Every structure is written in structure tokens, then in C-alpha cells.
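Everything on this sheet refers to the single structure shown next.
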Amino acid sequence: MSMNRRDFLKLGAASVAGAGVSGNAGAVMREPLSLPPEAVGMLYDSTLCIGCKACMSACKQANGLPPQPEGEDEPMWDSPVETTGDTYNVIKVYIDGDAAQKDREENGFAFMKRHCLHCVDPSCISACPVSAMIKDPQTGVVSYNADSCIGCRYCIAGCPFGIPKYQFDDPLGAIGKCSFCSHLQAKGLTPACCDVCPTGASLFGTVEDLKKEAHRRLEATPGDNYVFPRGNLSEDRPPHEGAIPLYEQHVYGEKELGGTQVMYMSAVPFEKLGLPVNVPEYGYPAITEGIQHMLYQWMVAPIAVLAGLVYVVKRNTSGKSGGEHSSGEAES
Ligand code: SF4
Ligand code: SF4
Ligand code: SF4
């Protein structure tokens, strides 16, 4: 079949337009990721937290991190207000009005624990160009490999929870981020913050078991006595007993941004505790990687157009020069 340049351009334009029409949002998004069945996580129940910061100290000790005292003249308290390159876990406090009552939105206060949420579909991993952030295929824990890191800090920009930080004061700085005490878990131990927590506010277990525990609490009647497990759901530690509070009827992290392995319960709205709300139920990488994939697919059409043009031009050009040459040969 013969094809001239005009026919070929029409065909190329039609194929590019076709790819564009099929590029709606659903077609752009890649499949959401899911967790392995044995994925582990943490349930942080803000209503159980007493703000003792034992988890912050234990985190420092378990991970060999230096103290970061606040106040240059009188450093009194190892207490950064946000995660830093050397502080993987912070306890924050929400305060409103006269802060008369715990776990109340108005004229109340509530504690909040911030560290890596070990996302099901982590943006930090998607943003990292050299795979220095890694998700464990069995536990789902997101850890960091300083040996691979090139210091670009894309993971910091990519994290929707503002967690990873860079050690700017170290000439050989690295990213600092909770790796869920993987080194302790590898020895069969409980992550340090859950291990030390006196009330069970930070509770370790498989994601599935933690979700069941969270929903048991939501289904219980406020005011009723409840036996709150402490430390590690798979161990038989003495529990903490107390009354069921007036929970927000939602477990944060079950669905937000594709789900997180660290989940939250609270009696004040989650946005007051600094968590992003009104976010999609898919991780941002599902969209960004879908778009990347589609762009690569779309590049096939322009490349085919270019290759075809080169072919047509070459054929036409060589046809003309071949004819002149032939005619020249005949003359000679
Ligand atoms: S919270 Fe941030 S650093 Fe942690 S896994 Fe999610 S995207 Fe990565
Ligand atoms: S799991 Fe380990 S590294 Fe992560 S916040 Fe708790 S103590 Fe720190
Ligand atoms: S150790 Fe437990 S109770 Fe104390 S601040 Fe940490 S999470 Fe809250």
C-alpha cells in the first residue's frame, strides 16, 4: 500500500488525538496498592495519651539519636515541636480556649503523636529517584537507606504528612525518619515507642488486628469500662482499664491517601490535630505514576509519526535523486 506524506500526517494526528480522548482521569490512574496480609502498624489513640513523652525518649534511645534541647540559653527539655533529622517522633498538643478539659474541641486540649505513617502507597518512595526509600514486602514498613540517598530531598517535598527531614547541621547529612524500629522488629521486639507507652496510647500489631481493635472501641458505648491492650497486641501484657470516650466516629488512616499503617483515633476532629482531611482515598502516586505511564505511552505516537516522516521524506528524496541518477546513467 502506498502512502504519501499528507496521508501519513493525517494518520499520525488521528492516533495522537485518540490517545488524548482515552486519557480521562480513570484511565490515567494506576491500580491502588494493597498491603501484604502480615503488614504491621500502630494504633495511636489520642484519648489514651497523657503527653508523658516517654515514647520520644525511647525513640531517641532505640535509634541512637542525639537530644535536641529547646532554648539556647537554658536548654531544659528535649522537645522539638516537629520531626527533625534527629527526632523521628514528636508529641504535640492541641489547645483551645482555657484548655479546661482533655479531649474536648472547645476550651479543651488533646495530644497528638507525629511520625512516619508508613503509607500503603508512599509518596516518598514514588518521589525518590534512586530507591533510597524502601517498603518492606512482608511488613509494609517504609525504611530509608542512607547509602543509596543522593540528598535531593524529593522525599521531603513528596510526603503529604510533612514527616521526613534532612540533617542540615551534619556535613554528611542524611534523611531522618521513623523506620518503625525495624532493627528491633527483626529481633522479635516491639517498636520502642509502643513498648514504653504506659497507657496503650501507642499500640503495635498487625494492621488487620489493629483495625479490629479500633472498631471495637468505636462500637463500644461512651462511658462504659473498657480494657485497652498495651504495647503489642500479640503479647499478653497487663492492660490499661478506663472509660470509652466520645470518639470521632472514624479511624484516620484506614482510607486516607490510600491508607496508612499508622492509624489514629481521637475525640477531637483530626484536622485540629494537624492531620490532612478531605484528601482522596487513593495515594497521590496512583495519579502521578499513572500520568507518567500515560505520557510514555503517548510518546509512542509522536515517535511513530517522526519515524514515518523520516521514512517518507527519505523515500521521496531518494526516489528523486535515484531518478536523476538513473537518467544520468542512461545518458552516459
Ligand atoms: S508518611 Fe511520608 S515519609 Fe512516611 S511513608 Fe508516608 S510519604 Fe513516606
Ligand atoms: S516506631 Fe521506633 S522509630 Fe518509629 S517513632 Fe516509634 S520508637 Fe521512633
Ligand atoms: S508514651 Fe504513650 S502516653 Fe506517653 S506521650 Fe507517648 S504515646 Fe502518649
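None of these values were measured; they are calculated from a predicted model. In listed order, ligands and their atoms are each counted from 1.
Atoms of ligand 3 found under 4.0 Å from any heavy atom of C197, numbered from 1 in the order shown, are 1 (S), 2 (Fe), 3 (S), 7 (S). Residue contact check: P191 has heavy atoms under 4.0 Å from atoms 1 (S) of ligand 2. For ligand 1 and P164, the ligand atoms under 4.0 Å from any heavy atom of the residue are 3 (S). Set against the non-hydrogen atoms of I91, the atoms of ligand 3 under 4.0 Å away are 5 (S), 6 (Fe). Within ligand 1, the atoms closer than 4.0 Å to a non-hydrogen atom of S123 are 7 (S), numbered from 1 in the order shown. Listed by number with element, the atoms of ligand 2 under 4.0 angstrom from any heavy atom of N63 are 3 (S), 8 (Fe). Atoms of ligand 3 lying under 4.0 Å from at least one heavy atom of T199, given by number and element, are 3 (S).
Ring geometry, Y226 versus F228: the interplanar angle falls from 30° to 60°, so the pair is classed tilted.
For atom 6 (Fe) of ligand 1, the nearest non-hydrogen atom of the protein is C119 SG, 2.3 Å. The protein heavy-atom contact nearest to atom 2 (Fe) of ligand 1 is C159 SG, 2.3 Å. Of all protein heavy atoms, the one closest to atom 1 (S) of ligand 1 is L117 N, 3.5 Å. Of the protein's non-hydrogen atoms, S202 OG, 3.4 Å is the one closest to atom 7 (S) of ligand 3. Looking at atom 8 (Fe) of ligand 3, its nearest protein heavy atom turns out to be C49 SG, 2.3 Å. For atom 5 (S) of ligand 3, the closest heavy atom belonging to the protein is K53 N, 3.1 Å. Summary of contacts: the protein heavy atom closest to atom 4 (Fe) of ligand 1 is C116 SG, 2.4 Å. In terms of protein heavy-atom proximity, atom 3 (S) of ligand 3 is closest to I50 N, 3.5 Å.
A salt bridge links E213 with R216; the closest basic N to acidic carboxylate O contact falls under 4.0 Å. E82 has a carboxylate O that lies under 4.0 Å from a charged side-chain N of K92, or vice versa, which qualifies the two as a salt bridge. Using a cutoff of 4.0 Å between basic side-chain nitrogens and carboxylate oxygens, E208 and K212 are not scored as salt-bridged. Ion pairing between R217 and D224 fails under the 4.0 Å rule for side-chain N and carboxylate O. At a threshold of 4.0 Å, the pair D121-R30 counts as salt-bridged, since one of the basic side-chain nitrogens sits closer than that to a carboxylate oxygen.
Distance check for C178 against atom 4 (Fe) of ligand 2: an N/O/S atom falls below 2.8 Å.
Remark: K255 NZ is loosely packed, at most 12 non-hydrogen atoms of other residues, nucleotides or ligands lying under 6.0 Å away.
Heavy atoms of C193 found under 4.0 angstrom from ligand 2 belong to the backbone as well as the side chain. At a heavy-atom distance under 4.0 Å, atoms from both the backbone and the side chain of C124 approach ligand 1. The proximity of M133 to ligand 1, defined as any non-hydrogen pair under 4.0 Å, does not occur for either the backbone or the side chain. Neither the backbone nor the side chain of L184 comes within contact range of ligand 2; no heavy atom lies under 4.0 Å.
Checked against F270 for a ring-ring contact (aromatic ring centres under 6.0 Å, His included), the options Y252, Y44, F161 give a single hit: Y252.
Taking the six-membered ring where the residue is Trp, the centroids of H118 and F180 are separated by under 6.0 Å.
Heavy-atom separations between V196 and ligand 3 are all 4.0 Å or longer.
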